[in-house]
**Q** 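Got a structure for you, questions after.
Bear in mind the structure is a predicted one, so any value in this text is a computation, not a measurement.
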Amino acid sequence: MNALPRIRCAVRNTLLLTGATLAVAASPAWAQGFPTKPVRLLVSAPAGGTSDMVARMVAEGLAPLLGQPVVVENKPGGLGAIAMQDLLSSPHDGHTLIVAPNALVSEVPHTLKPKYDPFKDITPLAELARSGLVLVGNPSLPARNLIELMAHVKANPGKISYASYSAGTMSHVMGMQMNKVAGLEMSHVGYKGSPPALVDVMGGHVPLMFDGVATSLPMIRSGKLRAYAVSAPKRLSVLPEVPTFTELGFPQLEAIGWIGMFAASDVPAAAQQKLREATLKVLQQPQLRERLKELGQDAGQPLTSEQLGAGLRKDSERVGEVLRSVNYQPE
């Protein structure tokens, strides 16, 4: 009689062990078959922006490695909330991803109370590209360099505004930081992406903007925009004549942003690994790295998801401190 429970227990343990073994064995096999349909890259910005350009470069390289089309879909608006809603409402099987600046996780939640938890609902798969921002202005401004610009803004308190490609992002926060360190009173005008903001800067409706280098570069070269300084730690090869904020005496305005690929956190680990490995291979391609350089971008660092997540938390804490220091109130 006493032997029967022991037999049942042994059978149950054997079945559990067998099931676990089969699950582990099936994971690589499942990954080999993934993806089974086109992969969607949702971009939280309009076409023509830096995130869009980077996403299309990466998609082009990913398609042959994954054996499926990789389709870029622009979902601007709502400070990234529209793209996030699409991502989280789609099947969490790895066939829908999002490409967005790190601000989606580290900055936007400070200015918008999202319906998602950026540190629980999504996970960073790879850093695609990184660069600083460039402060650009309409050529009609009387200031020809940063010091003259700050003097001009200070002489016109509350009358000079600056655009950002989205409220709550690095493009917005840097303006607030410049106000603080230089004693200025610039007002902020948020847009849904760089292209519409740049149109207004060139048209003189908003005189200044902190923008991604990739989108401003053609207009700087054509003389439609004047570049005052870059937030990168050293001068950019594509804008060698433009000084950094640090060399001009404002190290507080040194900052680097990055564009990443994110997935829903509960996407199967095997799918996440395959997507990450394929993306890192694409980022090692010399042709892509050269194309990124031409846009003033560096290829992303090969950091793990855990390292990227830790960096995002650190950045989020830093941005929170900055916003509190300037008594920021959500717009």
**Q** Taking atom types as modelled and ignoring hydrogens, do the side chains of H172 and S166 form a donor-acceptor contact shorter than 3.5 angstrom?
**A**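 The criterion, which ignores hydrogens and geometry beyond distance, is not satisfied for S166 and H172.
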**Q** Check the pair V238, R221 against side-chain contact (heavy atoms from CB on, under 4.5 Å), reporting the backbone distance first and the verdict last.
**A** CA-CA 10 Å; V238 292; R221 287 175 170 169; 3.8 Å; yes
**Q** So how far is it from H92 NE2 to T96 OG1, rounded to the nearest 0.5 Å?
**A**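 Interatomic distance, H92 NE2 to T96 OG1, rounded to 0.5 Å: 8.5 Å.
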**Q** Minimum heavy-atom separation for Y228 to R144, with atom names?
**A**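 So the minimum-distance heavy-atom pair works out to CE2-C, 3.9 Å.
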**Q** Other residues, nucleotides and ligands only: do more than 12 of their heavy atoms fall within 6.0 Å of CD on E60?
**A**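 Atom CD in E60 is not packed in, count stays at 12 or less.
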**Q** Any sub-3.5 Å donor-acceptor pair from K154's side-chain atoms to A182's backbone N or O?
**A**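 Yes, because the side chain of K154 sits within donor-acceptor range (under 3.5 Å) of the backbone of A182.
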**Q** Has Q287 got more than 12 heavy atoms of other residues, nucleotides or ligands less than 6.0 Å from its CD?
**A**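 Counting neighbours around CD of Q287, 12 or fewer heavy atoms of other residues, nucleotides or ligands fall under 6.0 Å, so no.
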**Q** Rounded to the nearest 0.5 Å, what's the gap from CD1 on I160 to CG on L141? Could you check?
**A**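 If I round to the nearest 0.5 Å, the distance is 7.0 Å.
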**Q** Taking all heavy atoms of A214 and all of M53, pick out the closest pair and write down the distance.
**A**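 Heavy-atom minimum between the residues: CB-CE, 3.7 Å.
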**Q** For the pair K192 (side chain) and A45 (backbone), establish whether a donor and an acceptor sit closer than 3.5 Å, ignoring hydrogens and angles.
**A**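 Checking the backbone N and O of A45 against the side chain of K192, no donor-acceptor pair under 3.5 Å is found.
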**Q** Return yes if some donor-acceptor pair links the side-chain N/O of S51 with the main-chain N/O of V43 below 3.5 Å, else return no.
**A**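 Between the backbone of V43 and the side chain of S51 there is no qualifying donor-acceptor contact (under 3.5 Å).
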**Q** Is there a side-chain contact between L135 and M178, using heavy atoms and a 4.5 Å cut-off?
**A**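 In short, these two side chains touch, coming nearer than 4.5 Å.
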**Q** Is it the case that one hydrophobic cluster holds both W258 and V108, taking links as side-chain heavy atoms less than 4.5 Å apart, direct or via other members?
**A**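 No; tracing contacts between hydrophobic side chains, which count when under 4.5 Å, never links both residues.
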**Q** Would you confirm whether Q307, through its side chain, and T304, through its main-chain N or O, come within 3.5 Å as a donor-acceptor pair?
**A**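 Answer holds: yes.
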**Q** Would a distance-only check, ignoring hydrogens and angles, find a side-chain to backbone donor-acceptor pair under 3.5 Å from N138 to V201?
**A**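 Flag set: sc N138 to bb V201 pair under 3.5 Å.
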**Q** With a 3.5 Å distance limit and no angle check, can you tell me whether H95 reaches the backbone of R40 through a side-chain donor-acceptor pair?
**A**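 It does not hold such a pair.
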**Q** Between M219 and S222, which heavy-atom pair has the shortest distance, and what is it?
**A**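 Scanning both residues completely, I find the closest heavy atoms to be O-OG, 3.2 Å.
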**Q** About how many Å separate CZ of R289 and CG of L292, when rounded to the nearest 0.5 Å?
**A**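 Answer rounded to 0.5 Å: 8.5 Å.
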**Q** For F210, is there any backbone N or O sitting under 3.5 Å from a side-chain donor or acceptor partner on S171?
**A**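 Judged by distance alone, yes, a pair lies under 3.5 Å.
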**Q** Less than 4.5 Å apart, any side-chain heavy atom of L146 and any of P243?
**A**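 A side-chain contact is absent here, since even the closest heavy-atom pair is not under 4.5 Å.
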**Q** Distance only, no hydrogens: is a donor on one side chain within 3.5 Å (strictly under) of an acceptor on the other, for H188 and S164?
**A**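 There is such a pair between these side chains.
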**Q** Rounded to the nearest 0.5 Å, what separation is found between the CD atom of E127 and the CG atom of D298?
**A**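 So the CD of E127 and the CG of D298 are separated by 9.5 Å.
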**Q** Given F262, which partner from the list V105, L125, V99, L97 fulfils the side chain to side chain contact (heavy atoms under 4.5 Å, CB included) test?
**A**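 Checked V105, L125, V99, L97 against F262; only one passes side chain to side chain contact (heavy atoms under 4.5 Å, CB included): V105.
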**Q** In Å and rounded to the nearest 0.5 Å, what is the CZ to CE distance from R291 to M57?
**A**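 It comes to 4.5 Å.
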**Q** Is there a path of hydrophobic side-chain contacts, each under 4.5 Å between heavy atoms of I/L/V/M/F/W/Y residues, joining I82 to Y165?
**A**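 Different clusters: Y165 never reaches I82 through Ile, Leu, Val, Met, Phe, Trp or Tyr contacts under 4.5 Å.
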**Q** When you compare the side chain of L66 with that of L275, does any pair of heavy atoms fall below 4.5 Å?
**A**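 L275 vs L66: side chains touch.
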**Q** Testing the basics here: between I122 and L104, what is the closest heavy-atom pair and its distance to 0.1 Å?
**A**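 Smallest heavy-atom distance, with atoms named: CD1-CD2, 4.4 Å.
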**Q** Could you tell me if the side chain of L41 sits less than 4.5 Å from the side chain of V71, heavy atoms only?
**A**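 SC-SC contact between V71 and L41 ruled out.
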**Q** According to a 4.5 Å side-chain heavy-atom criterion applied to Ile, Leu, Val, Met, Phe, Trp and Tyr, with indirect links allowed, do L295 and L288 form part of one hydrophobic cluster?
**A**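 Same cluster: L295 reaches L288 through Ile, Leu, Val, Met, Phe, Trp or Tyr contacts under 4.5 Å.
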**Q** Do the side chains of Y191 and L198 get nearer than 4.5 Å, heavy atoms only?
**A**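 Counting from C-beta outward, L198 and Y191 never come under 4.5 Å.
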**Q** Answer whether the closest heavy-atom distance between the side chains of L133 and M170 falls below 4.5 Å.
**A**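 Side-chain contact under 4.5 Å: yes.
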**Q** With a 4.0 Å cut-off on N to O distance, would you call D86 and K75 a salt bridge?
**A**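 Yes, charged N to carboxylate O under 4.0 Å.
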**Q** Side chains of L253 and S231: does their closest heavy-atom pair fall under 4.5 Å?
**A**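 No. Closest side-chain heavy atoms not under 4.5 Å.
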**Q** Is it true that E247 and R235 have a side-chain N and a carboxylate O under 4.0 angstrom from each other?
**A**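 Here E247 pairs with R235 in a salt bridge, since their nearest N and O are under 4.0 Å apart.
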**Q** Contact between T123 and Q272 at the side-chain level, heavy atoms closer than 4.5 Å - yes or no?
**A**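 They are in contact (side-chain heavy atoms under 4.5 Å apart), so the answer is yes.
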**Q** Can you check whether A143's main-chain N or O pairs, donor with acceptor, with R226's side chain at less than 3.5 Å?
**A**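 Judged by distance alone, yes, a pair lies under 3.5 Å.
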**Q** Under a 4.5 Å side-chain heavy-atom rule over Ile, Leu, Val, Met, Phe, Trp and Tyr, are L308 and V58 clustered together?
**A**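 Result: no, two separate clusters.
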**Q** Quick one: do L217 and L208 end up in the same hydrophobic cluster if we chain Ile, Leu, Val, Met, Phe, Trp and Tyr together by side-chain heavy atoms under 4.5 Å apart?
**A**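 Same cluster: L217 reaches L208 through Ile, Leu, Val, Met, Phe, Trp or Tyr contacts under 4.5 Å.
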**Q** With side-chain contact (heavy atoms from CB on, under 4.5 Å) as the test, would you mind laying out the steps for D93 and K37 before giving the verdict?
**A** CA-CA 11 Å; D93 56 7; K37 58 184 179 181; 3.9 Å; yes
**Q** Between CE of M261 and CG of L42, what distance do you get to the nearest 0.5 Å?
**A**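 M261 CE to L42 CG: 11.0 Å, rounded to 0.5 Å.
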**Q** What's the shortest heavy-atom distance between T279 and A126, and which atoms?
**A**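 For T279 versus A126, the nearest heavy atoms are CG2-CB, 3.9 Å.
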**Q** Identify the heavy atoms of Q297 and A129 that sit nearest to each other, and give their distance.
**A**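 In this case the closest contact between Q297 and A129 is OE1-CB, 3.7 Å.
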**Q** Do S216 and D211 have a side chain donor and acceptor closer than 3.5 Å?
**A**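 Looking only at side-chain atoms, D211 and S216 do form a donor-acceptor pair, the distance falling under 3.5 Å.
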**Q** Do side-chain atoms of N145 reach the backbone of E148 as a donor and acceptor pair under 3.5 angstrom?
**A**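 Such a contact is found between N145 side chain and E148 backbone.
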**Q** Tell me, please, which residues at least two apart from P233 pass side-chain contact (heavy atoms from CB on, under 4.5 Å).
**A**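 If we apply the side-chain contact (heavy atoms from CB on, under 4.5 Å) test to P233, skipping adjacent residues, the hits are E254, I256.
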